[in-house]
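Below: the structure, in structure tokens.
Whatever order the structure lists ligands and atoms in, that order sets their numbers, starting from 1. Only a predicted model underlies this, so the values are computations on that prediction, with no experimental measurement involved. Starting from 1, each residue takes its place in the sequence as its number. These numbers come from the heavy atoms of this one structure, side chains and all, not from hydrogens, waters or symmetry mates.
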Amino acid sequence: MRDHESILLEHVAVSRRYFLKLGAAGAAALQLSPLLAFGDDAEAKVALAAELAKFEYLTTWDNFRLIERGEPLPYTHPIEKLREVGLTQETWKLEVVSDPDAPAKLDNPLSKELGTALDWQALMKLAETRAVRYLKVMTCNNIDTPLGMGLWEGVPLRDVIWLAKPVENVRRVFYYGYHNDAPKQIFRSSLPIGRVLEDPPGEYPVLLCYKLNGEFLDGKRGGPVRMLVPDAYGFKSVKWLIRVVLTNAPFGNDTYANGNNDVDSWMKTSARIISRPAKVKVGQPVPVTGMTQVGISGLTKVQYSIAPQEPTWPADDPWFTKADWKDAQILGAPEKWGGGLAGGDLPTATIGFDATTGKAQTWPLRYSIVHWSALLTGIPAGKYDLRCRSIDANGYAQPLPRPFLKSGGNAIQTLPLTVEEA
Ligand SMILES: Nc1nc2c(c(=O)[nH]1)N[C@H]1C(S)=C(S)[C@@H](COP(=O)(O)O)O[C@H]1N2
Ligand SMILES: [Mo]
């Protein structure tokens with residue numbers, strides 16, 4: 001059996017086990033679910049594989065959704081040009097320099113001009129002792145479903161910043177991707193220097209990232225090196241990274257400030273339904289499965305509710321706080337992690353996992369995802385709205401405590417469900 005197939009079967013197994021534990025109704029639901037009805041015919045298997053690709057814990061390279069700008073996309077240049085502009089491992093160079101407009105004092109700027117820029121060899125040398133790995137979901141504040149769940153590896157950005165010997169007048173870090181040398185194509189982001197130099201307990205470091213799911217990043221995935229900011233939305237994780245500028249400027253310069261985005265937003269906790277039948281007959285149990293992105297505020301519960309479509313929900317309760325919410329089952333850490341990892345196993349020394357047992361120290365992990373399931377039974381005939389929401393570790397129900405769209409989408413999802421007379 002191919003590894004890929006065994007991972008799919010693993011996920012079927014996890015979900016099937018969940019529904020089977022629920023007894024006769026769960027077993028009946030298995031026949032109904034587009035996700036779990038596991039026919040023997042080839043066509044059903046292909047359809048199932050497509051559904052389950054979304055369900056595999058780590059996202060394979062090919063299934064990662066990309067958000068990329070550039071005319072042309074930087075990595076599509078011919079190899080000679082890629083070498084010339086430093087977008088291959090052998091030619092990549094990273095500058096860490098002072099901002100001429102708001103100078104920081106650096107005793108050892110890493111610059112191309114001075115011949116002191118950091119190259120790939122130096123980065124790999126650092127990686128021998130400083131490499132860090134963690135799980136992080138890549139997610140865009142403007143898109144309601146995560147782009148992909150990754151195991152990322154890199155060297156903490158601060159290790160390279162210290163090589164530049166900053167002395168004083170450093171308040172922020174600006175950083176830039178390769179942009180075809182066209183000012184209009186610049187993609188840049190920024191962080192407070194404090195966030196780069198220190199991690200609050202339990203938080204992960206900002207990385208100069210060079211691997212996804214155990215493989216060196218290619219150009220399509222932002223390589224040779226991209227920034228990775230664990231607690232932030234995707235726009236902070238600049239790809240094709242070529243320059244870091246230490247500045248005494250007190251404010252951000254993020255490209256994403258255009259477009260009205262909240263550039264200081266932490267990742268939010270947000271639940272989504274992935275699979276459910278749109279129509280059932282009275283008496284049939286309704287299997288629902290979904291995914292929740294776990295943001296900075298953590299996750300204690302995922303809940304669902306169904307409410308008749310008529311009368312429409314009262315306008316004075318836009319966040320459905322008065323709905324009849326019931327708890328869904330949050331699925332545990334997978335045995336095999338998928339994503340194309342050799343053997344499906346996480347490497348040792350992944351932050352958040354016990355070094356000897358390989359087990360997650362807490363579950364769910366922040367900045368990652370969980371899968372969840374629920375089985376709805378005894379619904380009378382009618383037309384309904386099916387909803388889901390998360391409850392964070394502070395007890396806030398989605399979309400609170402930060403309901404503003406441009407800080408990251410976490411509106412409560414609504415899907416129709418029809419229950420027909422038998
Ligand atoms: N250089 C560069 N970096 C970039 C972008 C870009 O267009 N150019 N897009 C950003 C945005 S908006 C997101 S959401 C993430 C998406 O990461 P991914 O394409 O690896 O999934 O990359 C970020 N990094
Ligand atoms: Mo984005």
If the threshold is 4.0 Å, N to carboxylate O, is there a salt bridge linking Arg188 and Asp254?
no

Can Ser237 be said to touch ligand 1, with heavy atoms closer than 4.0 Å?
yes

Answer side chain, backbone, both or neither: which part of Tyr233 comes under 4.0 Å from ligand 1, heavy atoms only.
neither

Without swapping roles, check the side chain of Tyr57 against the backbone of Ala333 for a donor-acceptor pair under 3.5 Å.
no

Of Gln185, Lys239, Arg188, the one whose closest heavy atom lies nearest atom 19 (O) of ligand 1 is Lys239

Between Arg387 and Phe320, is NZ or CZ placed under 6.0 angstrom from the six-membered ring centre and within 45° of the ring axis?
yes

Could you tell me which atoms of ligand 1, counted from 1 in the order shown, lie closer than 4.0 angstrom to a heavy atom of Arg65?
21 (O)

Can you tell me the protein heavy atom closest to atom 5 (C) of ligand 1 and the distance?
Ile67 O, 3.6 Å

Selected option - heavy-atom contact closest to atom 22 (O) of ligand 1, from Lys220, Arg69, Arg226
Arg226

Ligand 1 atoms in contact with Tyr256 (distance to a heavy atom under 4.0 Å)
12 (S)

Under-4.0 Å heavy-atom contact with ligand 1, by part of Pro74 that carries it:
neither

Test of understanding: given a 4.0 Å heavy-atom threshold, classify the contact between Trp240 and ligand 1 as side chain, backbone, both, or neither.
side chain

Pair Gln293, Ser270: side-chain N/O donor-acceptor within cut-off below 3.5 Å:
no

State the atoms of ligand 1, each with its element, that fall below the 4.0 Å cut-off from a heavy-atom position in Glu68.
7 (O)

Short list, please: which atoms of ligand 1 are under 4.0 Å from a heavy atom of Leu147?
14 (S), 16 (C), 21 (O)

